[in-house]
Amino acid sequence: MDYKAASSIQDLQYFGEFGGVNPSISDSSTYTFLSAKTMFDTFEGNTEGCYLYSRHSSPSNLYLGEAMAALEGTETANVYASGMGAISAVIFQLCDSDDHIVSSRTIYGGTYAFMKNFLKKFDIGTSFVDITNLETVEKSITKKTKMIYCEAVSNPLLEVADIKALSKLAKKHGIPLVVDNTFSPLSISAARLGADIVVHSLTKFINGSSDCVAGAVCASKDFCLKLKDVNDGAGMLLGSTLDSLRAASILKNMRTLHIRIKKHSENALYLAQQFEKDGLRVVYPGLASHPGHEAVKKQMAHEYGFGGLLTIDVGTLEKANMLMESMQKENLGYLAVSLGFYKTLFSAPGTSTSSEIPEDEQTQMGLSEGLIRFSIGLDNNIERTYLAMRSCMEKLNILDSKMVSF
Ligand code: PLP
């Protein structure tokens, strides 16, 4: 792919309907046609550049789509009412019944459940594999395989996918590589590294204010148009349409994404380094101890850092719960799922966002019950946050005081 990509949303220029600096928000579910013939043509599939009905597209959704395409360096992008709305549309567009998917085994619990349980209704099978083991990935591809699916940085284990290598493999077998880049916008440009389709939950970092759910599919014009096809487009027919008002508010929030991501990364790196010095079992792609550290360094845009997510394993679910409750009491963040908020969010994925994954499979993939996932916030004084978190840990005997040195 060699699309001329804007390096950031700053490079896009918008003029509102009345010369405003923000585009006007479209407030219509349906659109007029000057001639009946054009309406007929539109239903025949000649929809480009035409507004038909807001489930198909709307000016506000197109603006946000344009920004997402610039972010990911793809030809275009469609936006959806949720990340799952985007992911399920892509899967249904690419797979017929009896087809097969090769997916990373460490992915968001909802996507995992969709592939493992829901797609059974259509006899679509998924092989969940260790995505860092290219040999296993290749061995799992069959004649029925319609895509390789992974997360650039996985939820919740923060495994790093080698997108260039996976893309080469996908091309060799003539199938698309679909990458969920929710955890690493700006830091990793999955399409520029060879992904054919990039999906996002905009709910997270891209919107950044935890006030709505939304999603996006960034891909070629051809694929995005197929998703919108009035006759067999999964996006159009499944109906997970983003509301225009929300699209407009997400677009406005997206303008500060580059600043926020740098701060999330800076704070997360600081905490990860301190926690590691304290002898905690911490996982963060920015630490040399992370198995994917070299892979992420190779494919990231360094100015945006290693991202805002880290995990620590405190041994038991009981300890994890006590620590999270204590940190919330001290106003160090919220005990809540999701990520990308200005406040730190923490949850135990085994009993929350990954609870769809059966316990034995959680154990197999290294998702232990004492694991806490942190989405590190935009704290202005992260050293103060660290000391307060550390004090919570000390009170609960999570830190072995002998290992700790100031
Ligand atoms: N992809 C990842 C990596 C996620 O973490 C999530 C949600 O947590 C989703 C997709 C689904 O997004 P949404 O909740 O917006 O449907």
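For the single chain, residues carry numbers from 1 onward in sequence order. Counting starts at 1 for both ligands and their atoms, following the listed order.
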Considering only heavy atoms from C-beta outward, does the side chain of [X] approach that of [Y] to under 4.5 Å?
| X | Y | answer |
| --- | --- | --- |
| D379 | R384 | no |
| N61 | S244 | yes |
| H173 | T145 | no |

Is the F114 to F92 ring centre distance short of 6.0 Å?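 Between F92 and F114, which both carry aromatic rings, the centre distance is below 6.0 Å.
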
Sorted by chain and number, the residues that approach ligand 1 to under 4.0 Å with a heavy atom: S82, G83, M84, I87, Y108, E151, N155, D180, T182, F183, S201, T203, K204, A214

Should the pair F205 and H264 be assigned to parallel (<30°), tilted (30 to 60°) or perpendicular (>60°) ring geometry? perpendicular

Can you sort out the partners of L157 under side chain to side chain contact (heavy atoms under 4.5 Å, CB included), two or more places apart, ordered by chain and number?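 Here the qualifying residues are T106, S154, M365, L367, L371.
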
